[in-house]
Amino acid sequence: MRDIFDAIQKSAKRIKDAIDVKDIGYSQQENSSGETQLELDIKCDMIIEEEFSKVSSINTIASEEKEHEEVLHANGKYFIAYDPLDGSSLIDVNLSVGSIFGIYEGAFGTEKMVAACYVVYGPRVEMVFAQNKTKLYLLQAGEFEFVKEIRLGEKGKIMAPGGTQQNWEKYHKAMIDGFFAEGYRLRYSGGMVPDLHQILLKGGGLFSYPATSDKPKGKLRRLFEVFPFAFVYKTSGGEAIDGKNELMSLGHAHIHDTSPCFFGSKYEVDRVKEVYAKNA
Ligand code: AHM
Ligand code: MG
C-alpha cells in the first residue's frame, strides 16, 4: 500500500502543475458519461496511469476518463478506480477541483475496498487517505506532510444539496427545506471533492446528489466518485447511503454506473433514511 500512497502523491504534484496552465483546452472527445473531455482531463488521466504503471502491486485500473478497465500488472493484488480530475469544468472559473481514488484488493469483479483517497487542488493542495483511520496531509515545499486525523461529528451545520432543484422529488425538496429551516447553511461549489472535504473538516452536515427526474439513477459514478467517498466517510465515523441502503453494499454492473448518494454525519443521514423510507 505504501507504494500506491507514494504514486498518488507523485501524481498529485504533477497534476497540480498541469492545472496551472493558461489554456485548459477542449478536446474533441467525450468520456463514457457523454461529457466533453478537456485536454487537461486526458493529461491528468495519463499522469496517473504513468505513475501507477511503475507500481507492480497494481493489477488493474479503471478511470472515469477511460471506456474500459486496463490490466497493468497481471500479478498485482490491487484494483484501483479513479477520477483523475473531478470538477474540471470549474477550472476556468478558478474553483477547487480534485482527484479521487478507490483502492480494492482482489481481482476485478470480486474486489473488496481496502482504502480510499482524494486530493483537493485549492489555494493549497491537501490529500485525505482513509484506511483504518482517515488522515489529512498538506503539500508543503514539495512534500505531503501529515496534519491530523479526521473524525466527523454527530451533527453538523452545512448543507450541500446537488442536482437541479426543478427536477427534485417533492419529498426531497421538503427535506432539504426542512434542514435550512433548522439553521443549516448552504455550501455548494459544484465540486464534489471540495464540497465533501468542507463537510468533513468543518464537523459535519449533509452532501446529497439524489435521483432526479432527468437523472433517475443520480449523476455521480459509483466506482470513481461515490464508493471512495463512502469509504472515507464511514472510516471517519460518518454515514453514506443511497437513500435507503449503505452505498458500500451496492455493486456495479458497468464501471460507469451511477447512484444517488448522501454523505454526512449521523443526525442528517438518519433524517434522510426516515424521509426516504416513507416516500421513495
Ligand atoms: P465531473 O466528474 O464531470 O467533474 O462531474 C462531477 C461533479 C461533482 O464534482 C459535483 O458534485 C457534481 O458534478 C456537480 O453536479 P451539478 O452541477 O449537477 O450539481
Ligand atoms: Mg468526476
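Note that ligands are numbered from 1 as they come in the structure, with each ligand's atoms numbered from 1 the same way.
Residue-environment remark: CE (M248) exceeds the threshold of 12 foreign heavy atoms within 6.0 Å. Annotation: K157, atom NZ; neighbour count of heavy atoms from other residues, nucleotides and ligands within 6.0 Å does not exceed 12.
Between R221 and D83 there is no salt bridge, since no side-chain nitrogen of the basic residue lies less than 4.0 Å from a carboxylate oxygen of the acidic one.
Within the listing of ligand 1, atoms 2 (O), 6 (C) sit less than 4.0 angstrom from a heavy atom of E225. Set against the non-hydrogen atoms of M192, the atoms of ligand 1 under 4.0 Å away are 8 (C), 9 (O), 10 (C), 11 (O). Against a heavy-atom cut-off of under 4.0 Å, F207 is close to the following atoms of ligand 1: 11 (O). Here is the list of ligand 1 atoms found below 4.0 Å of a heavy atom in S88: 4 (O). Distances below 4.0 Å separate heavy atoms of R221 from the following atoms of ligand 1: 1 (P), 2 (O), 3 (O), 5 (O), 6 (C). Close approach of ligand 1 to G163 is summarised as follows: ligand atoms under 4.0 Å from at least one heavy atom of the residue are 19 (O). Applying the 4.0 Å criterion to heavy atoms of Y209 picks out, from ligand 1, the atoms 15 (O), 16 (P), 18 (O), 19 (O). The atoms of ligand 1 that sit less than 4.0 Å from any heavy atom of Y188 are 14 (C), 15 (O), 16 (P), 19 (O).
Side chain of D257 to backbone of H254: a donor-acceptor contact under 3.5 angstrom is found. Between the D86 side chain and the E225 main chain, no donor and acceptor come within less than 3.5 Å of each other.
Using a 4.0 Å cutoff on heavy atoms, G190 counts as a contact of ligand 1. Look at F224 and you'll find every heavy atom at least 4.0 Å from all atoms of ligand 1.
The N, O or S atom of D86 lying closest to the Mg ion (ligand 2) is OD1. The atom name of the N/O/S atom in E64 closest to the Mg ion (ligand 2) is OE1. Distances from the Mg ion (ligand 2) to each N, O or S atom of D83 single out OD2 as the nearest. Within E225, the N, O or S atom lying nearest to the Mg ion (ligand 2) carries the name OE2.
Here's the thing with V193: none of its N/O atoms is less than 3.5 angstrom from an N/O atom of ligand 1. In terms of N/O distances under 3.5 Å, ligand 1 is not approached by G191.
Aromatic ring centres of F5 and F129: separated by under 6.0 Å. Annotation: F262 is in aromatic contact with Y276 [ring centroid separation under 6.0 Å]. Here F144 and Y137 keep their ring centres 6.0 angstrom or further from each other.
Under the 30°/60° scheme for interplanar angles, the aromatic rings of F229 and F263 are found to stand perpendicular.
Interatomic distance, M127 CE to K135 NZ, rounded to the nearest 0.5 Å: 10.5 Å.
Contact annotation for S89 and ligand 1: no heavy atom of the residue comes within less than 4.0 Å of the ligand.
Considering all non-hydrogen atoms of both residues, S259 and D242 come closest at OG-CB, 3.9 Å.
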